[in-house]
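In listed order, ligands and their atoms are each counted from 1. One-based numbering along the sequence shown.
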Amino acid sequence: MTTLAVDSVPHGFRGAILDFVGDPFYGAIEDCVRYWPDGLLVVAAGRVVACGAYDDLQGEFPNLDITAYPHRLLMPGFIDTHIHFPQMTMMAAYGEQLLAWLERYTFPIEAQFKDPAFARPMADRFLTELLRHGTTTALVLAAVFPESAEVLFEAAAARNLRLIAGKVMMDRNAPDYLLDTATDSYADSRRLIETWHKRGRLLYAVTPRFAVTSTPEQLSLAGKLLQEFPDVYLHTHLSENVDEVALVKATYPDHDGYLDVYDRAGLVGDRSIFAHGVQLTEAEFARLSEAGAAIAFCPSSNLFLGSGCFPIEKAKSTITPIKVGLGSDVGAGTSFSILQTAQDAYKVAQLRRQKLSAFQGLFLATLGGARALNLEAHIGNFLPGKEADFVVLDPCATPALALRHPNSLAQNHPVGTVAPDLETVADLAFALMLLGDDRAITATYILGELAYDQSA
Ligand code: GUN
Ligand code: ZN
């Protein structure tokens with residue numbers, strides 16, 4: 001086991017441990033999944049120093065101070081690759097599909113986030129909610145008002161979170177009170193990038209809302225920002241709903257489809273994350289693959305708004321492989337929980353006569369999300385040197401889970417018992433993915449520090 005030289009005192013966390021070092025959509029399970037029924041995660045200075053079987057590792061760290069989590073499962077923190085900060089108060093808005101839902105519910109609610117006195121405490125509640133659900137990194141849309149991004153960055157900085165966010169750019173096809181202009185959105189985004197991008201763990205995403213609400217001028221200024229700041233992200237919506245796709249075609253009649261609108265503005269690259277992609281054409285899958293762009297798969301939202309079923313097997317094919325993460329898409333998504341989002345991903349796959357294993361779903365929730373956000377060097381698993389953001393799960397958190405788990409995967413492999421094989425772990429992890437939610441989050445750690453404790 002390789003260890004990393006660090007100067008601060010190491011601390012250990014003992015429990016069952018599960019993480020991914022490869023993509024189970026492509027590789028053999030044994031090559032992708034690591035599981036220790038009685039594991040030890042050693043952390044120092046906020047980073048992983050070592051991770052492995054308790055019996056193998058403890059000798060290397062003789063005076064290690066250990067926090068024990070018997071009957072719990074440690075996993076890398078969950079990663080939400082698409083969520084709206086100003087929509088947290090409007091989940092479960094009744095009866096509409098995307099375009100009417102935006103007009104009737106979403107736009108009026110987002111207007112509230114102009115006032116920092118309102119938005120600031122909401123930012124704190126938003127981050128509390130992420131941590132309460134085991135989400136340690138998120139790619140977040142703020143509202144159109146730069147103040148709404150500002151308060152979110154401030155709150156995330158105070159908690160030392162690795163968060164990517166951006167002010168939404170939108171200069172047409174929405175109520176006046178929610179519109180910026182192409183030049184103001186450029187200047188405001190630029191100022192936010194200069195203030196927040198790479199400050200601590202924070203990163204900036206240039207965030208045109210979607211093709212419908214941006215003029216070509218605004219999209220091209222978004223492209224200019226990407227050229228001027230090559231390591232910021234591009235984050236937007238793409239091909240979510242049939243009526244939306246038709247509207248984009250009508251709005252941009254001389255373009256070759258929805259993705260081409262973004263492409264011609266220079267917005268399609270390997271730091272671009274597109275939410276949804278439910279209605280993509282084969283050619284668009286190929287273009288995203290070629291560009292190294294990512295898709296945020298948002299099954300809860302896609303079901304709630306009746307948008308359709310994202311064909312994950314196309315994104316995970318060897319022909320047009322595309323980076324994929326899971327997105328809660330709150331407030332169209334009906335839960336902050338990435339476990340629940342993975343559950344919906346499984347159901348969406350079923351509707352398409354496809355399968356999504358627990359290892360595949362939990363990979364998307366962790367290392368897959370990190371890869372989609374180009375953050376694999378920092379987060380996503382417990383390899384030495386990674387930032388120690390992790391979640392402590394209770395595989396028996398509810399009566400339904402306890403019934404399904406009479407011999408839990410987190411028994412910590414007591415002496416004399418046989419460690420479960422990966423097939424058994426897959427079954428137990430599947431129950432956790434399907435039946436787990438915020439009740440299964442015992443604790444959440446940020447850089448090795450306790451950031452949420454269910455019992456507190
Ligand atoms: N497309 C443009 N804006 C939005 C939004 O706020 N939510 C979703 N789900 N799709 C969008
Ligand atoms: Zn969205």
Side-chain angles (χ1 to χ4, degrees), residues 80-113 126 138-145 148-149 164-175 178-180 185 205 207-215 218-219 222 233-248 251-252 258-259 261-262 267 272-280 294-310 325-336 338 341 344 348 372:
D80 188 338
T81 61
H82 182 75
I83 183 166
H84 296 253
F85 160 45
Q87 294 179 15
M88 68 178 292
T89 62
M90 58 155 298
M91 290 162 79
Y94 175 73
E96 306 291 359
Q97 297 213 342
L98 176 63
L99 298 173
W101 174 85
L102 284 171
E103 257 180 57
R104 181 171 168 191
Y105 297 112
T106 317
F107 291 155
I109 282 285
E110 292 198 5
Q112 298 176 338
F113 287 72
F126 179 76
L139 173 57
V140 189
L141 299 96
V144 69
F145 317 108
S148 67
I164 313 172
K167 156 210 139 51
V168 154
M169 304 164 82
M170 49 195 294
D171 65 346
R172 66 165 161 178
N173 291 329
L178 218 55
L179 294 182
D180 53 17
S185 70
T207 312
R209 181 174 208 120
F210 67 150
V212 173
T213 48
S214 284
T215 58
Q218 185 168 59
L219 294 181
Y233 293 87
L234 183 283
H235 181 202
T236 189
H237 297 89
L238 171 67
S239 296
E240 175 176 1
N241 159 292
V242 172
D243 293 344
E244 172 213 15
V245 175
L247 185 55
V248 171
T251 313
Y252 292 88
Y258 198 154
L259 184 62
V261 174
Y262 295 141
L267 304 184
S272 305
I273 295 97
F274 297 100
H276 306 298
V278 172
Q279 316 293 341
L280 288 172
I295 291 179
F297 176 21
C298 306
S300 166
S301 162
N302 297 155
L303 292 168
F304 178 73
L305 290 178
S307 303
C309 297
F310 174 66
L326 290 175
S328 68
D329 197 21
V330 162
T334 53
S335 173
F336 273 81
I338 291 298
T341 306
D344 283 335
V348 162

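Atoms of ligand 1 lying under 4.0 Å from any heavy atom of Asp329, numbered from 1 in the order shown and given with element: 8 (C), 9 (N). Within ligand 1, counting atoms from 1 as listed, the ones closer than 4.0 Å to a heavy atom of His276 are 9 (N). Each of the atoms 5 (C), 6 (O), 7 (N) of ligand 1 lies under 4.0 Å from some heavy atom of His84. Distances below 4.0 Å separate heavy atoms of Gln87 from the following atoms of ligand 1: 5 (C), 6 (O). Set against the non-hydrogen atoms of Leu102, the atoms of ligand 1 under 4.0 Å away are 2 (C), 3 (N), 4 (C), 5 (C), 6 (O).
Residue contacts with ligand 1: Glu240 is placed with a nitrogen or oxygen under 3.5 Å of a nitrogen or oxygen of the ligand (distance criterion only).
The closest protein non-hydrogen atom to atom 6 (O) of ligand 1 is Arg209 NH2, 2.7 Å. The shortest contact between atom 7 (N) of ligand 1 and any protein heavy atom is with Trp101 CZ3, 3.5 Å.
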| request: Begin from the C-alpha positions of Ser300 and Thr334 and carry the test side-chain hydrogen bond (donor to acceptor under 3.5 Å, both in side chains) through to its verdict. | output: CA-CA 6 Å; Ser300 166; Thr334 53; 3.1 Å; yes
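Side-chain atoms of Arg172 come within 3.5 Å of backbone N or O of Ser214 as a donor-acceptor pair. Side-chain N or O atoms of Glu96 include none that pairs as donor or acceptor with a backbone N or O of Leu102 at under 3.5 Å. In terms of modelled atom types and a separation under 3.5 Å, the side chain of Glu244 and the main chain of Glu240 share a donor-acceptor contact. Checking side-chain atoms of His84 against main-chain N and O of Asp329 turns up no donor-acceptor pair under 3.5 Å.
If you look at His84 and ask which of its N, O or S atoms sits nearest the Zn ion (ligand 2), the answer is NE2. When you scan the N, O or S atoms of Asp329 for the one nearest the Zn ion (ligand 2), you land on OD1.
Between Phe85 and Phe126, the gap from one ring centroid to the other is short of 6.0 Å.
In this structure, the separation between OG on Ser239 and CZ on Phe210 is 11.5 Å, given to the nearest 0.5 Å. Note that OG1 of Thr106 is 5.0 Å distant from CD of Gln87, once rounded to the nearest 0.5 Å.
Using a 30° and 60° split on the angle between ring planes, His82 and His276 fall in the perpendicular class, above 60°.
Of the heavy atoms in Leu98, only side-chain atoms (C-beta onward) come closer than 4.0 Å to ligand 1.
At a 4.0 Å cut-off, not a single heavy atom of Glu244 sits close enough to ligand 1 to count as contact.
Contact annotation: Glu240 places no N, O or S atom under 2.8 Å from the Zn ion (ligand 2).
Here the Zn ion (ligand 2) is the vertex; the NE2 atom in His237 and the NE2 atom in His82 give an angle of 90° (to 10°).
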